[in-house]
There are 2 protein chains.
Amino acid sequence: MKQRINIAELARRLGLAVSTVSKAINDRGDVSDATKRRVLEAAEKFGFSPDPAGRRLRTQTSETIGFVLSPPQTHFAHPFFLDLLMGIDQGLSQTPFQLIIVAGRTLETELESFRRLVERQRVDAVMFGRTRRDDPRVRYLQERNVPFVALGRSETGKPFPFVDIDRTVAGRNGTARFVGFGHRRIGLLSTPGYLMISHLLQEGYRAALKAAKLPFDADLVVETSNDEEGGLNGARQLLAMSNPPTAIMCGHDLIATGAMQAIAETGRRPGADIPVIGCDNHPLGPYLNPPLTTFSAPTFEAGRRMVELLLALMDGRSPKELQEIWSPELILRSSHGGQLVAANEV
Amino acid sequence: MKQRINIAELARRLGLAVSTVSKAINDRGDVSDATKRRVLEAAEKFGFSPDPAGRRLRTQTSETIGFVLSPPQTHFAHPFFLDLLMGIDQGLSQTPFQLIIVAGRTLETELESFRRLVERQRVDAVMFGRTRRDDPRVRYLQERNVPFVALGRSETGKPFPFVDIDRTVAGRNGTARFVGFGHRRIGLLSTPGYLMISHLLQEGYRAALKAAKLPFDADLVVETSNDEEGGLNGARQLLAMSNPPTAIMCGHDLIATGAMQAIAETGRRPGADIPVIGCDNHPLGPYLNPPLTTFSAPTFEAGRRMVELLLALMDGRSPKELQEIWSPELILRSSHGGQLVAANEV
DNA sequence: GAAATCTCCGAAAACGATTTCGAAAATAAC
DNA sequence: GTTATTTTCGAAATCGTTTTCGGAGATTTC
């Protein structure tokens with residue numbers, strides 16, 4: 001292990017005072033350009049960089065932000081989140097902040113993860129996703145006054161910064177597209193409605209039905225887990241109805257994947273016989289059978305933007321002006337069914 | 001923001017000395033059970049927990065370990081790594097260590113990420129994956145004497161701890177299975193051979209050929225990028241040969257996905273006409289067309305185990321006894337082709 | 001050329017914990 | 001009851017940095 005040098009030693013070698021060296025390195029005023037240069041060069045030469053422990057102690061800032069992976073993400077599943085992480089990291093790389101991640105184990109202990117993060121580890125800020133309509137995490141963080149930004153909005157508490165990829169437009173436009181193709185009974189496979197994205201998806205779905213003056217049938221929407229298995233089971237349930245849907249809108253590509261499987265099980269062709277649309281543009285979507293029509297989800301960009309919003313927030317900007325809702329775009333492949341009616345989307 | 005209390009204030013309220021409180025909290029000897037209990041209760045009551053900044057400064061340990069995501073992982077792709085991360089986090093959750101992750105941007109700046117992590121951020125240890133035959137990261141970390149454990153072995157430097165999911169057996173058993181079905185020209189779609197996993201895969205492939213007394217044809221192995229597109233292009237190249245392979249072994253399920261696409265493009269049926277086997281048990285494998293035969297990759301468990309190895313290493317155990325090679329298991333679905341010869345795997 | 005004003009630099013005080021080492025109190029030994 | 005030994009506690013040093021504030025020395029102003 002190479003010998004490490006501290007600021008006092010560096011000052012000694014330079015014949016300067018510690019304070020001067022510190023100011024030079026942190027570019028605070030009160031030090032001439034000449035000595036600043038001299039210090040910087042020496043720091044480079046001797047491989048000095050301030051020990052974060054000392055700095056943190058003095059400045060009372062950890063220069064870390066915490067990210068909590070929500071419980072249902074455990075085990076495989078969503079490339080989505082990896083992409084989000086990469087975006088966040090990308091954004092953070094321009095700042096002095098470090099990203100520390102922890103995975104919430106279960107829904108019950110999830111808040112505990114937040115507490116550990118802010119009360120023990122003392123991160124400067126927090127990020128998370130999978131917001132819920134009523135979200136205890138939002139309440140907790142606002143109560144303790146810790147800066148945070150979420151992926152997704154919520155109905156909880158005072159305004160907070162977020163980036164939200166709007167599931168309403170996915171629900172509305174997807175459903176409307178089916179309507180345009182002449183479908184009158186459209187199934188919706190969604191994750192539980194307490195999740196914000198699911199709630200919004202269902203809202204969009206209803207809005208599209210209403211616009212088309214179609215009745216809402218509660219039996220046509222089933223809430224499942226956000227994975228292939230959920231899609232499989234949910235679609236089986238829909239298809240077993242006496243009056244089954246003729247098209248299925250899904251809250252996620254993984255759900256759509258399972259749904260197409262279920263459709264194939266009944267001897268019908270997913271896409272051609274029963275069209276399906278998913279959400280979030282899973283990378284393997286184009287390789288499914290048939291290739292999956294879906295809605296875009298620029299997760300990487302969202303992550304990067306979340307960092308910007310967080311920085312702005314910590315810089316004193318008002319949360320209200322730090323809320324962004326992004327519209328996903330329809331990505332047409334072929335699972336959405338025939339080209340009967342060409343362009344009829346809302 | 002709730003008022004935070006420090007150890008001095010807690011000691012004052014208890015009528016004890018700071019040192020006593022500290023010892024009680026860290027369970028160092030030299031303090032009676034009675035006062036220890038008293039201190040612990042008071043800490044709980046007043047919501048005190050030691051400021052990590054102070055502790056780190058004094059103990060000269062950061063209690064963080066860094067994980068570097070390798071560059072090619074950027075943008076979507078591998079659920080693999082998320083799973084690994086979850087495993088690592090799971091393992092770490094029993095320890096005082098925090099996980100901080102950074103994403104190496106490009107191969108050139110990757111070492112820079114390591115340097116920042118150990119020289120500036122001063123993590124106590126490091127983890128990474130995607131080892132290479134000649135791996136500068138290994139060299140750097142060993143040189144600086146920082147504890148680390150890798151996912152995958154390497155040919156670089158002195159022994160170090162790792163968990164390796166053995167690609168040799170995937171290459172050998174996959175190829176052997178094709179041989180058992182009577183194939184004599186077997187294609188191999190691998191990632192570049194400087195990656196350890198690819199090198200091992202190719203070794204396994206050659207071993208199987210040798211065992212079956214089949215000639216090795218360099219034209220039959222093509223190195224591509226580790227994603228769907230790589231598989232697509234690689235398989236196109238193989239199929240365009242004057243004497244194309246009749247079966248294709250792939251270094252990853254994503255590659256296999258692209259390969260099956262390429263096969264379908266030529267009007268042949270992947271699986272039935274040209275069988276394909278992948279690696280790493282991608283969660284969507286069962287939903288591909290046809291369902292993908294692959295090799296298991298218990299990434300979550302590997303992550304958890306890596307943490308245990310790391311802890312053992314930091315506890316003074318010799319690196320040599322902290323190396324584990326796990327054999328992946330064949331997961332039969334149907335893309336490996338006909339049941340011509342029933343059970344003929346090695 | 002003296003006074004006023006700027007520029008730089010340095011001494012010392014935090015920040016909050018852990019750890020060493022010596023002292024006091026409690027217990028044991030005789 | 002005195003001494004020896006063990007147990008329990010406390011004072012102070014230390015980790016490495018940033019920041020405040022005062023004081024030289026250089027520069028300008030009249």
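Proteins get letters first, then strands, A, B, ... in listed order; numbering begins at 1 in each. Note that this is a predicted model, so its numbers are computed, not measured.
Relative to the side chain of A/Lys23, the nucleotides D/dT19, C/dT19, D/dT17 differ in distance, and D/dT19 lies closest. Taking only side-chain atoms of B/Arg58, from C-beta outward, the nucleotide of D/dG16, D/dT14, D/dT19 with the closest atom is D/dT14. Of the listed nucleotides (D/dG16, C/dT18, D/dT19), C/dT18 has the atom at the smallest distance from the side chain of B/Arg55. Here C/dC9 is the nucleotide among D/dT17, C/dC9, C/dT18 with the atom lying nearest to any side-chain atom of A/Thr20. Across C/dT18, C/dC9, D/dC9, the shortest atom-to-atom separation from the side chain of B/Asn26 is found for C/dT18.
Within the nucleic acid shown, A/Ser22 comes within 4.0 Å of at least one base atom, counting heavy atoms only. Residue contacts for A/Arg56: at a heavy-atom cut-off of 4.0 Å it reaches no nucleic acid atom on any strand shown.
Residues A/Thr156 and A/Asp135 have side chains that never bring a donor and an acceptor to within less than 3.5 angstrom of each other.
Under the 30°/60° scheme for interplanar angles, the aromatic rings of B/Phe148 and B/Phe128 are found to lie parallel.
When the C1' atom of D/dC15 is taken as reference, atom CZ of A/Arg4 falls 14 Å away, rounded to whole Å. The separation between A/Ile7 atom CD1 and C/dC9 atom C1' is 14 Å, rounded to whole Å. One interatomic measurement links the two molecules: CG of B/Leu14 to C1' of D/dG10, which rounds to 14 Å at whole-angstrom precision. Atom CD in A/Glu63 sits roughly 13 Å away from atom P in D/dT17 (whole-Å rounding). Atom-to-atom, CG of B/Leu10 to P of C/dT18 comes out at 12 Å; the value is rounded to the nearest Å. Taking atom CZ on A/Arg38 and atom P on C/dC8, their separation rounds to 14 Å, with Å as the unit. The nearest whole Å value for the distance from the CD1 atom in B/Ile25 to the P atom in C/dG16 is 15 Å. What separates CD of A/Glu9 from P of D/dC15 is a distance of 13 Å, to the nearest Å.
The minimum heavy-atom distance between A/Leu309 and A/Phe162, with the atom names listed, is CD1-O, 3.6 Å.
Distance check, rounded to the nearest 0.5 Å: OG of B/Ser62 to CG of B/Leu57 gives 12.5 Å.
Judged by closest nucleotide on DNA chain D, B/Ser32 is the one of B/Ser32 and A/Phe48 placed further toward the 5' end. Residue B/Lys36 is the one, among B/Lys36 and B/Leu57, whose nearest nucleotide of DNA chain D lies closer to the 5' end (criterion: closest heavy atom). When the nearest nucleotides of DNA chain C are assigned to B/Gly54 and B/Asp30 by heavy-atom distance, the more 5′-ward of the two goes with B/Gly54.
Checking the phosphate oxygens (OP1, OP2) of C/dC15, no side-chain nitrogen or oxygen of B/Asn6 falls inside 4.0 Å. OP1 or OP2 of C/dC9 has at least one side-chain nitrogen or oxygen of A/Thr35 nearer than 4.0 Å. Contact between the side-chain N/O atoms of B/Gln60 and the OP1/OP2 oxygens of D/dG16 is found at a separation under 4.0 Å.
Looking at A/Glu301 and A/Val163, their side chains never come closer than 4.5 Å, going by heavy atoms from C-beta outward.
Counting non-hydrogen atoms of other residues, nucleotides and ligands closer than 6.0 Å to CZ of B/Arg120 gives a total of 12 or fewer.
Taking only distance into account, the side chain of A/Ser19 never meets the base of C/dA12 through a donor-acceptor pair shorter than 3.5 Å.
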